[in-house]
Amino acid sequence: MTRDPRYDILFEPVKIGPVTAKNRFYQVPHCNGMGRSYPSSMAEMRGVKAEGGWAVVCTEEVEIHHTSEHSPLIEGRMWDDNDIPGFARMVEKIHEHGGLAGFQPAYTGFISANLYSREIPMAPSHTPVEGFDPVSARAMDKNDIKAVRAWHVAAARRAQKAGFDIIYDYCGHNISIQMHFLSRRHNTRIDEYGGSLENRSRLFREILSDIKDAVGDSCAIAVRFAVDELLGSKGISCDAEGRDIVEMMAEIPDLWDVNVSEWSNDSSTSRFSEQNAQLPYTAFVKQVTNKPVVGVGRHTSPDTMVSLVKNGVLDMIGAARPSIADPFLPRKIEEGRPEDIRECIGCNICVSADFRAIPMRCTQNPTMAEEWRKGWHPEYIPANKSDDTVLVIGAGPSGLECARALGQRGYAVTMAEATTELGGRVTRESRLPGLSEWARVRDYRESQILKMINVEVYMDSRLKAEDVLEFDAAHVVLATGSSWRTDGMGRVNYEPIAGSATGNVFTPDDIMDGTRLAGTVVIFDDDHYYMGGLLAEKLTHDGCQVLLVTPSADVSSWTHNTLEQVRIQTRLLEMGVDIIAHRNLVAIKSDCVDLACVFTDRIETRVCNAVVMVSSRLPDDDLYYKLTPLMDKSSIKTVTRIGDCLAPGTIAAAVYEGHRFARELDEPVSDGVPFRRELPQLAEN
Ligand code: ADP
Ligand code: SF4
């Protein structure tokens, strides 16, 4: 296939100081939960992005000194020369495919409690560290400032040695010391580093010229700058100091990588922000500088990318999440098959891995972070090793991915779906407020399966055990999903809640199936991810008065990991939802519920018309128990449960399980650890 000439502009080279990017696709720095702990995995993942056509591939934030470290989070680490080889491996993998490698040093001041090194963190002014660690950062004196500048230079020199092409001066996300000095909130100094904008930006500018002097002969020097903190007059804003800074430094860096701060604004989820939401803040930058400008916005549409370039808004298309969901996005456009792009859904499961200090995972891309340890490539998969046929039952995310990947391997696959639509929970949930982009999980797989002559799909076909036998398949995969419990059992309640069998009790499944509730509704959320908060939003829209009861301290607690919790709670409070925290639901009566304080067991009664139980889900695995006893009388070799049918979890987990089954069919089974490990190095003595 040939590229659509409309997209030619995206493949023009861009000169960035002393180096040249081969096209306009730029993977901006992003965390990945591998960095210092799993450097081989990190290097392979970055290399695959370069192979997929990204002209620039950057690191995550990289610690540059032991006085500012991210433990327990896993970021990059360039403390001394011992850290060079890990990064050199990454650079080598990127260069192999003609990409440029970018390095983002991050000295994070009062953001880091230094739990590992036990060093006292430093900041422009005395302040407690962010979060709840009982640690304070001390105000930096002039020697400290000199030292921080020198550490940036040392890290830049090491990065140059490792082969990096682009080195950053990082002033963004309310994370780096440059940003802390710049901020009136955090900088109360009265010396030449405090007060006026010129003074507050001094460290930012000094580090830029230091790095330029040190490595600017062969490396491009980029600035990552948050032009707006979305805090109005309390912060940097694009119509005041954000703009002034860009004007002040316009031609000094070789490239401007601009965004909004903090991370929850920069990586806002699709539930809360449209694609390109940063444009109103960042669009001015190109009018102020002649240097190339990079910007992010969950870009997945080549038409939008072209218009951003043509309209003089951006020179390079920045992406973190779209490059995670589809490392081959540029290649697919280049090869004239943009319809094959696996579009990011904006769910931030990738972000959650960073907060949990584990290798990154992605809802759309099950191979993410498995490139090295399992040898999984996002685009290629080994061919089938037998002519065995496979019957996949259920077309939710796990069934769809399983059928797609098996089809890609060349197996003859039949997929049967009970309902008249594909996508299972993804289709149902994508109809809830704000989740429409989640349907991309289905759409990508559906479009791929439609192209495969070896994958047959039967809709409206709820299979029973006897039906399955008739298919005569060698392997049967049960991807039949799960159902929400009505009895309230979950994390807090180990027994059914009194009255749950007789009361006016509904589940998220009922609401998604169209049940309309009225009056006062109690939502009991012992699930703590998005569903409880989302139903509160929906039912309030529908006209109900909602009481959201949670044993946790806040609503949708787990969504702290997806950067959404504050937005969810704010939205619900503004809508008038009554949030009742630290309470368990202990009894359901005809017109009220009893709630118990999780600390004191003190009971309070609330009047209501209905209860929606968002506690936990049970696998829909009846078929498994009916089918397995019949296997002896059939030609079926294996029956396997995947996704929610095995154990209900995230959509990302279901996609991964579907992919895993397809990868492992007919492959030798290891009786040890089923992936390569990166072991800690034992000292000589
Ligand atoms: P997962 O997240 O594991 O993919 P889902 O609940 O999203 O699970 O999807 C399960 C799908 O399986 C649903 O679309 C459901 O209609 C379908 N399904 C359930 N039981 C059967 C069955 N016996 N025969 C065919 N399809 C089924
Ligand atoms: Fe996009 Fe979700 Fe994948 Fe992150 S996890 S890259 S937000 S699809």
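The figures here come from the full heavy-atom set of this structure, side chains too, leaving out hydrogens, waters and symmetry mates. Atoms within each ligand, like the ligands themselves, are counted from 1 in listed order. Everything numeric here is computed off the predicted structure, so don't read it as measured data.
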Contact (N/O only, under 3.5 Å) between [X] and ligand 1:
X	result
Ala418	yes
Pro397	yes
Thr419	no
Ser398	yes

Open item on the list: Can a side-chain donor-acceptor contact be found between Glu421 and Thr419 if the only test is distance below 3.5 angstrom?
Closed with: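 Looking only at side-chain atoms, Glu421 and Thr419 do not form any donor-acceptor pair under 3.5 Å.
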- [ ] Would you kindly say whether Ser556 and Thr559 are connected by a side-chain donor-acceptor distance under 3.5 Å?
- [x] no
In terms of atom number and element, which parts of ligand 2 are under 4.0 angstrom from non-hydrogen atoms of [X]?
X	value
Cys344	1 (Fe), 7 (S), 8 (S)
Thr363	3 (Fe), 5 (S)
Ile349	5 (S)
Gly346	1 (Fe), 7 (S)

Would you say [X]'s side chain and [Y]'s backbone share a donor-acceptor pair under 3.5 angstrom?
X	Y	result
Trp54	Pro330	no
Thr515	Asp510	yes
Ser261	Asn174	yes
Ser436	Gly434	no
Arg331	Glu51	yes

Run the numbers for me: atoms of ligand 1, each under 4.0 Å from some heavy atom of [X], listed by number.
X	result
Gly424	7 (O), 9 (O), 13 (C), 14 (O)
Arg462	20 (N), 21 (C), 23 (N), 24 (N)
Ser461	24 (N), 25 (C)

- [ ] Measure from atom 1 (Fe) of ligand 2 to each N, O or S atom of Cys350 and report whether any distance is below 2.8 Å.
- [x]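 Not a single backbone or side-chain N, O or S atom of Cys350 is under 2.8 Å from atom 1 (Fe) of ligand 2.
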Would you indicate which of [options] comes nearest to [atom] when only heavy atoms are counted?
atom	options	value
atom 15 (C) of ligand 1	Glu417, Glu657, Lys464	Glu417
atom 8 (O) of ligand 1	Cys402, Gly643, Gly481	Gly481
atom 24 (N) of ligand 1	Leu463, Leu627, Val655	Leu463

- [ ] Test Lys633 against Leu630 for side chain to side chain contact (heavy atoms under 4.5 Å, CB included), laying out the working first.
- [x] CA-CA 6 Å; Lys633 295 176 223 140; Leu630 307 178; 3.9 Å; yes
TODO: Give the ring-plane orientation class for Tyr380 versus Phe328, where under 30° counts as parallel, over 60° as perpendicular and anything between as tilted.
DONE: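 Ring orientation of Tyr380 relative to Phe328: perpendicular.
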TODO: Look at the aromatic rings of Tyr530 and Trp438 and report parallel, tilted or perpendicular, splitting at 30° and 60°.
DONE: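 Because their plane-to-plane angle is over 60°, the rings of Tyr530 and Trp438 count as perpendicular.
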Which residue and heavy atom of the protein sit nearest [atom], plus the separation:
atom	answer
atom 8 (S) of ligand 2	Ile345 N, 3.4 Å
atom 2 (Fe) of ligand 2	Cys347 SG, 2.4 Å
atom 6 (S) of ligand 2	Arg321 O, 3.3 Å
atom 21 (C) of ligand 1	Thr480 CG2, 3.5 Å
atom 7 (O) of ligand 1	Arg425 N, 2.7 Å

Open item on the list: Going by side-chain hydrogen bond (donor to acceptor under 3.5 Å, both in side chains), Glu60 matches just one of Arg36, His30, Arg46, Gln104. Which one?
Closed with: Arg46
- [ ] Would you name the heavy atoms of Thr507 and Val612 that are closest together and state the gap between them?
- [x]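 Looking at all heavy atoms of both residues, the closest pair is C-CG1, 4.2 Å.
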Open item on the list: Please tell me whether Trp376 and Tyr656 form a close aromatic pair, meaning their ring centres lie under 6.0 Å apart.
Closed with: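 Yes, close enough.
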Open item on the list: For the aromatic rings, using the six-membered ring if either is Trp, is the centroid distance between His299 and Tyr26 under 6.0 Å?
Closed with: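 That pair fails the under 6.0 Å test.
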Open item on the list: Can you tell me if, anywhere in Cys362, an N/O/S atom lies at a distance from atom 3 (Fe) of ligand 2 that is smaller than 2.8 Å?
Closed with: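 Yes.
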Task: Per-residue contact class, Ala416 against ligand 1 - non-hydrogen pairs under 4.0 Å - done: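 Looking at Ala416 and ligand 1, just backbone atoms fall under 4.0 Å.
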Open item on the list: Below 4.0 Å from ligand 1: does a non-hydrogen atom of Ile393 turn up there or not?
Closed with: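 Ile393 counts as a contact of ligand 1 under the 4.0 Å cut-off.
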